[in-house]
Amino acid sequence: MNKKIIIRTLEKIALYMELKGENPFKVSAFRKAAQALELDQRSLDEIEDVTKLKGIGKGTGDVILELINDNKSTVLEELQEEVPKGLIPMMKLQGLGGKKIAKLYKELGIDSMETLKAACLNEEIQKLPGFGPKSEEKILKEINDFETKPDRQPIWKTEETVAFIQDVLTSIAEVTEFSVAGSFRRTKETSKDIDFIIATAEPALVKEQLLAALPVKETIASGDTKVSVTVEVLEPIDVDFRLVAPEEFVTALHHFTGSKDHNVKMRQLAKSQNKKISEYGVEQEDGTVTTFASETEFFAHFGLPFIPPSVREDGRELDRLDELPELVTIEDIKGDLHMHTTWSDGANSLTEMIEACVAKSYQFMVITDHSQYLKVANGLTPERLTEQHALIRETNKKYSEIEVFSGTEMDILPDASLDFDDDMLSQLDFVIASIHSSFQQPQEQIMERILTAMKNPNVHMIAHPTGRIVGQRDGYNPDVEQILDWAKEYGKIVELNASPYRLDLAVPYLVLAQEKGVPVAINTDAHAIEGLEVMETGVKHAQKAWLKKDTVVNTWSLEKFKEFINKSK
DNA sequence: GCCGTTTTCGGCCCGACTGTTTTCAGTCG
């Protein structure tokens, strides 16, 4: 029995129970049991007794055991007898929960999205006690949105909206402080909505100016301290604003940064210290409320070190405090190993890129323009690369503060050959191998191409190993675990491409890379000076995988990096 | 349904907003 199937079954049971109107705590007990299994790193076979896990007791334990032994769940089967299948997708509609859906089913026989839509159009819903014309209208709108609106948006799309809102908030005089919160602040690769915390003594005034300045498509909720709107900067997305008093800013920011699981853990911890956390502050035993000047102070109040937003996820971060000091940070980054210049498809010259890296106080950098196969990117022929190589050598002499290495981002061709011969490659300091073509090949062929690069002693790193674009394309679907095993075997670096479009490798693969002892380089793949800034996103993404400094190549000293790249020669 | 160093019952994180009520249930994050 697959662990994932058990987790999904427990969650399904919870969903059905919700629709049956079961005790909410019972429902959440099944969700917690699913979570307990999910958070346990061990496989099912390695867990001796599931009921020993915190959150799994007799009831949920029996369900799990039955699934393991008989490959079925009587509890779920019985629920499915009682509750029509068609109600499940309705739970995804905003504003409809188990109780309302159950009522609609009981009173009107609504058992699917289709019958729900029909009932709205027939104006049957508004006649139901507890419902009204507005409810009916909202449900109808939700059904239409459900068919058209994407569930989550990739970070590179939300980024533009966030920047737009930040500009608006900066321009409002009564705003004393503000910050984006939620999953965006935690650097999740996709977000369902965007959250902002605003500190102000004049909430009504700020709210008015804010709504006037934003491209609001629709207002979802508009209270004194909370405003929810759908704005359309790039694509429509929901944005929540919380207006709080300046002294409440930090606790509100922490609260709305989440994650939900992190907050639950924090509140439990507070409770064990006879304190109570809310977005307005921390209530002490004597009823007084403490507020804070920074999140660092907030965490310190509970005897905790500062926990970066990027790792506030499933609550386990509170058990990994001793690892926090080793976590890679932006201050640790000493270089960037992947960037382009006007020699291929970059927007800035060699000198401009160097100056920009000097300004970032980097100690080393590698120029890696595209290779000849990539004609659309003006890829370099061996002749041009040789010429560039000489220029980099010459230019490097002018800089004492940074070491500029000469490299290439070389294509791995569809026929599994490399774009340059060994003679050319051996002259370079650093060689990146990448796939930019024939994504549709079967996995076997893709892996053969990658293996060629792995086996070549002149290659140092595999860039954007899966070729994915977040929320847009899956890439070329390689066997990543195999890539990591090869990287270990052949002594190669795997890249964490920091571009918000890519974030490639994804978090679970980075976890695996570190476990296997494969070095990871966080690179911007900058095509212009501004592109160097995404290093910050890359580092936060790396933190989500709990990457340690030592795992990350570009935190190494210049000497250690040099030693690594010369080893294979 | 789960849990327990204020334990076998009583609480489970906490608060905002909406739409329907006429004081609050349901939903959400």
Side-chain angles (χ1 to χ4, degrees), chain A residues 10 13-14 17-36 50-64 75 90-104 125-139 141-142 181-184 186 191-197 203 207 219-229 238-244 248 251-252 254-283 285 289 312 315:
Chain A
L10 290 168
I13 290 173
M17 283 180 165
E18 225 175 331
L19 288 163
K20 235 193 96 185
E22 278 281 11
N23 176 347
F25 294 112
K26 185 172 169 182
V27 175
S28 105
F30 276 83
R31 296 223 161 93
K32 277 181 189 158
Q35 208 190 17
V50 282
T51 56
K52 289 257 161 65
L53 289 181
K54 198 170 181 286
I56 299 179
K58 175 113 180 42
T60 49
D62 282 350
V63 171
I64 296 169
V75 176
M90 285 162 61
M91 290 289 285
K92 285 234 165 100
L93 299 175
Q94 285 267 327
L96 277 191
K99 292 191 176 159
K100 284 189 180 174
I101 293 172
K103 195 168 185 184
L104 289 167
I125 307 280
Q126 54 172 294
K127 293 173 196 143
L128 220 55
F131 290 79
K134 280 198 177 170
S135 306
E136 188 173 81
E137 200 183 314
K138 243 178 113 177
I139 292 169
K141 198 197 138 294
E142 275 300 320
S183 53
F184 188 88
R186 302 200 313 276
S191 295
K192 196 165 72 63
D193 56 15
I194 301 172
D195 299 282
F196 269 94
I197 306 303
K207 183 180 154 184
T219 304
I220 302 159
S222 180
D224 293 339
T225 66
K226 185 182 162 185
V227 184
S228 293
V229 288
D238 294 346
V239 187
D240 286 344
F241 295 97
R242 300 294 299 225
L243 301 144
V244 298
E248 295 162 350
T251 39
H254 175 264
H255 176 81
F256 290 103
T257 296
S259 68
K260 202 178 161 182
D261 291 334
H262 170 82
N263 286 352
V264 168
K265 271 278 171 78
M266 284 299 295
R267 281 164 191 233
Q268 285 166 348
L269 174 68
K271 219 176 149 158
S272 74
Q273 300 179 4
N274 293 318
K275 296 165 186 164
K276 201 166 87 178
I277 300 176
S278 83
E279 51 261 58
Y280 303 112
V282 177
E283 194 182 316
E285 221 170 335
V289 175
R312 299 179 201 167

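Here is the naming used below: chain letters follow the sequence lines, and residue numbers restart at 1 for every chain. Worth saying up front: this structure is predicted, and the values here are computed from it rather than measured.
Summarising the geometry, the separation between NZ on A/Lys92 and P on B/dC28 is reported as 13 Å, rounded to the nearest angstrom. When rounded to the nearest whole Å, the span between CD1 of A/Ile56 and P of B/dG1 equals 15 Å. Note: NZ (A/Lys138) to P (B/dC17) measures 13 Å, nearest angstrom. A/Glu137 has its CD atom 15 Å from the P atom of B/dT18, to the nearest Å. Atom C1' of nucleotide B/dG1 and atom NZ of A/Lys20 are separated by 13 Å, given to the nearest angstrom. In this structure, A/Phe241 atom CZ and B/dG29 atom C1' are separated by 16 Å, rounded to whole Å. If you measure from atom CD1 of A/Ile125 to atom C1' of B/dG19, you get 15 Å, rounded to the nearest angstrom. Distance CG (A/Asp238) to P (B/dC17): 16 Å, rounded to an integer number of Å.
A/Ser222 comes within 4.0 angstrom of sugar-phosphate atoms only, judged by non-hydrogen atoms across all strands, and of no base. Here A/Phe30 lies in heavy-atom contact (under 4.0 Å) with sugar-phosphate atoms only. Counting any heavy atom pair closer than 4.0 Å across all strands shown, A/Lys265 reaches no nucleic acid atom. Residue A/Ile13 is classed as having no contact, given no heavy-atom separation below 4.0 Å to the nucleic acid.
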Its contact letters, B for base, S for sugar-phosphate only and - for none at protein heavy atoms under 4.0 Å, make nucleotides 9-14 of chain B read ---BBS

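Using a 4.0 Å cut-off between charged nitrogen and carboxylate oxygen, A/Glu18 and A/Arg31 count as a salt-bridge pair.
Rounded to whole Å, the separation between the P atoms of B/dT20 and B/dA16 comes to 22 Å. Comparing the P positions of B/dT5 and B/dG1 gives an interatomic distance of 22 Å, to the nearest angstrom. For B/dG26 and B/dT21, the P atoms lie 13 Å apart once the distance is rounded to whole Å. To the nearest whole angstrom, the two C1' atoms, one in B/dC12 and one in B/dT7, are 15 Å apart. Using P as the reference atom, B/dC13 and B/dG4 are 14 Å apart when rounded to the nearest Å. Comparing the same atom, C1', in B/dT8 and in B/dC3 gives a spacing of 10 Å after rounding to whole Å.
Every residue meeting the side chain to side chain contact (heavy atoms under 4.5 Å, CB included) condition with A/Ala270, not counting sequence neighbours, appears here in chain and number order: A/Lys275, A/Ile277, A/Phe302. A/Gln35 pairs by the side chain to side chain contact (heavy atoms under 4.5 Å, CB included) definition with A/Leu39, A/Asp261, not counting sequence neighbours. Listed by chain and number, the residues in a ring pair (Phe, Tyr, Trp, His ring centres under 6.0 Å) with A/Phe241 are A/Phe196 (sequence neighbours excluded). Scanning for side chain to side chain contact (heavy atoms under 4.5 Å, CB included) contacts around A/Glu137 gives an empty result, with sequence neighbours left out. Annotation: side-chain hydrogen bond (donor to acceptor under 3.5 Å, both in side chains) contacts of A/Asp193 (sequence neighbours excluded): none. Listed by chain and number, the residues in a salt bridge (Lys or Arg N to Asp or Glu O under 4.0 Å) with A/Lys141 are A/Asp145, A/Glu218 (sequence neighbours excluded). A/Lys226 pairs by the side-chain hydrogen bond (donor to acceptor under 3.5 Å, both in side chains) definition with nothing, not counting sequence neighbours. Remark: A/His254 engages A/His262, A/Phe298, A/Phe299 in a ring pair (Phe, Tyr, Trp, His ring centres under 6.0 Å) (not counting sequence neighbours). Looking at residues two or more places apart in sequence or on another chain, you find a side chain to side chain contact (heavy atoms under 4.5 Å, CB included) between A/Lys207 and A/Leu211, A/Ser222, A/Val227, A/Leu243.
For A/Thr51 and A/Tyr280, each mapped to the nucleotide of DNA chain B holding its nearest heavy atom, the one lying further toward the 5' end belongs to A/Thr51. A residue-by-residue look at A/Glu136 and A/Met17 shows that A/Met17 has its nearest nucleotide of DNA chain B further toward the 5' end.
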List, with names and distances, any nitrogen or oxygen atoms from the protein found under 3.5 Å away from nitrogen or oxygen atoms belonging to nucleotides 21-26 of chain B.
unit_1: B/dG26; atom_1: OP2; unit_2: A/Lys99; atom_2: NZ; d: 3.3

Return the polar atom pairs (N/O with N/O) between nucleotides 4-8 of chain B and the protein under 3.5 Å, or none.
none

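Listed nucleotides B/dC17, B/dG19, B/dC2 differ in distance to A/Thr225; the shortest reach to its side chain belongs to B/dC17. Relative to the side chain of A/Lys134, the nucleotides B/dT20, B/dG1, B/dC17 differ in distance, and B/dT20 lies closest.
More than 90° away from 0 lies the glycosidic angle of B/dT6, which makes this nucleotide anti.
In this structure, the side chain of A/Glu136 engages the main chain of A/Ile125 through a donor-acceptor pair within 3.5 Å. Although no hydrogens or angles enter the test, the distance criterion places a donor-acceptor pair under 3.5 Å between the side chain of A/Arg186 and the main chain of A/Thr257. Here the side chain of A/Thr251 pairs a donor or acceptor atom with the backbone of A/Glu279 at under 3.5 angstrom.
Applying the 4.0 Å criterion to OP1 and OP2 of B/dG29, one finds that A/Gln94 has a side-chain N or O inside that range. Between B/dG15 and A/Lys226, no contact under 4.0 Å exists linking OP1 or OP2 to a side-chain N or O. Between A/Ser135 and B/dT20 there is a side-chain polar atom (N or O) within less than 4.0 angstrom of OP1 or OP2.
Looking at A/Gln94 and A/Glu142, their side chains never bring a donor and an acceptor atom within 3.5 Å of each other.
The partner of B/dG26 is B/dC17, judged by Watson-Crick or G-U wobble contacts that both fall below 3.5 Å.
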